Amino acid sequence: MKYTTPMLATERLILKRGTFEDFQKVYEYDFRKLRDICGECEYEKLDPKLIEGFELYADDEDVLNWILFLKDTNEPIGDLVADRIDHEQNSIEIAYNLHPDYWGHGYMPEAVKEAMKYLFDLGFDSIVCAYDEGNVKSKRVIEKLGFNHYKTVLNSWVKNGIPITSYNYIISKADFENKAQNEQ
């Protein structure tokens, strides 16, 4: 099925397709060096050539790709992608990045929650999300939203000669709706 990235809105954010310039602002810093993996958290500028074409990724058949904009200033602050559909379990995987200037304000959980509502309305039974060893910021978002651990992938990739473990989480539509109902 071909998906088109729709515009979504929360109390503080607009989620919509972005331009290359939006991705340049979101990816000002090299996110591979900001995730606290192997204790590395460096604010190193990213070579814009590494993100060329990101704005076109949503044109792929099974991809939804949003840029997160602050509603009051229209400033691009992050991105969220839903892709990697598993047709057997009728799930889709989400991944996200937030510019470090906006960490700790609850923007990412707010955006992911809105995207999850949309994805469940599309008919997915579950949503998958993962974080890599050391990336506690992503882990907090996943846990805050009610995802449940379902798989650990030891040595999923290597950084600076060190094998990194990935932690995979999943949430069903029923669990998502129950959590939303309990929060009211």
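Quantities reported herein were computed from a predicted structural model and do not represent experimental measurements.
Using a cutoff of 4.0 Å between basic side-chain nitrogens and carboxylate oxygens, K179 and E183 are scored as salt-bridged.
In this structure, the side chains of L64 and D83 stay at 4.5 Å or more apart for every pair of heavy atoms. Between I171 and F120 the shortest side-chain heavy-atom distance falls below 4.5 Å. With a 4.5 Å cut-off on side-chain heavy atoms, L70 and Y107 count as touching. When side chains are defined from C-beta on, F147 does not count as touching D175, because their heavy atoms never get closer than 4.5 Å. In this structure, the side chains of F124 and I92 come closer than 4.5 Å at one or more pairs of heavy atoms.
For K139, the side chain to side chain donor-acceptor pair (under 3.5 Å) test picks out no residue, with sequence neighbours left out. Taking E177 as the reference, nothing meets the side chain to side chain donor-acceptor pair (under 3.5 Å) condition, with sequence neighbours excluded. The salt bridge (Lys or Arg N to Asp or Glu O under 4.0 Å) check on R84 picks up E93, with sequence neighbours excluded. By the side chain to side chain donor-acceptor pair (under 3.5 Å) test, K144 pairs with no residue at all, sequence neighbours left out. Applying the side chain to side chain donor-acceptor pair (under 3.5 Å) criterion to N178, with sequence neighbours excluded, gives no partner residue. Every residue was checked against the salt bridge (Lys or Arg N to Asp or Glu O under 4.0 Å) condition with E11, not counting sequence neighbours, and none meets it.
No chain of hydrophobic side-chain contacts below 4.5 Å, direct or via other Ile, Leu, Val, Met, Phe, Trp or Tyr residues, connects V136 to I142.
Between the side chain of D60 and the main chain of D62, no donor-acceptor pair closer than 3.5 Å is present. Y102 places no side-chain N or O within 3.5 Å of a backbone atom of P76 that could act as its donor or acceptor partner. The main-chain N or O of N65 is found under 3.5 Å from a side-chain atom of T5 such that the two form a donor-acceptor pair. Checking side-chain atoms of H87 against main-chain N and O of Q89 turns up no donor-acceptor pair under 3.5 Å.
With side-chain heavy atoms closer than 4.5 Å counting as contact, directly or through intermediates, the hydrophobic cluster containing V128 also holds Y150, I170.
Within the structure, every pair that satisfies the side chain to side chain donor-acceptor pair (under 3.5 Å) test and touches residues 66-81, not counting sequence neighbours, is listed here: Y27-D79. Applying the salt bridge (Lys or Arg N to Asp or Glu O under 4.0 Å) test to pairs two or more places apart or on separate chains, those with a residue in residues 157-167 are E40-K159. For the salt bridge (Lys or Arg N to Asp or Glu O under 4.0 Å) condition, the pairs that include at least one residue of residues 41-55, sequence neighbours left out, are E28-K45, K33-E44. Residues in residues 97-112 take part in these salt bridge (Lys or Arg N to Asp or Glu O under 4.0 Å) pairs, two or more places apart or across chains: R12-E110.
More than 12 heavy atoms of other shown residues, nucleotides or ligands fall within 6.0 angstrom of atom NZ in K137. For K113, the NZ atom sits in a loose shell: 12 or fewer heavy atoms of surrounding residues, nucleotides or ligands are nearer than 6.0 Å.
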Donor-acceptor contacts, no H, no angles, side chain residues 162-169, under 3.5 Å, sequence neighbours left out:
from, atom 1, to, atom 2, distance (Å)
S166, OG, D132, OD1, 2.4
S166, OG, S156, OG, 2.7

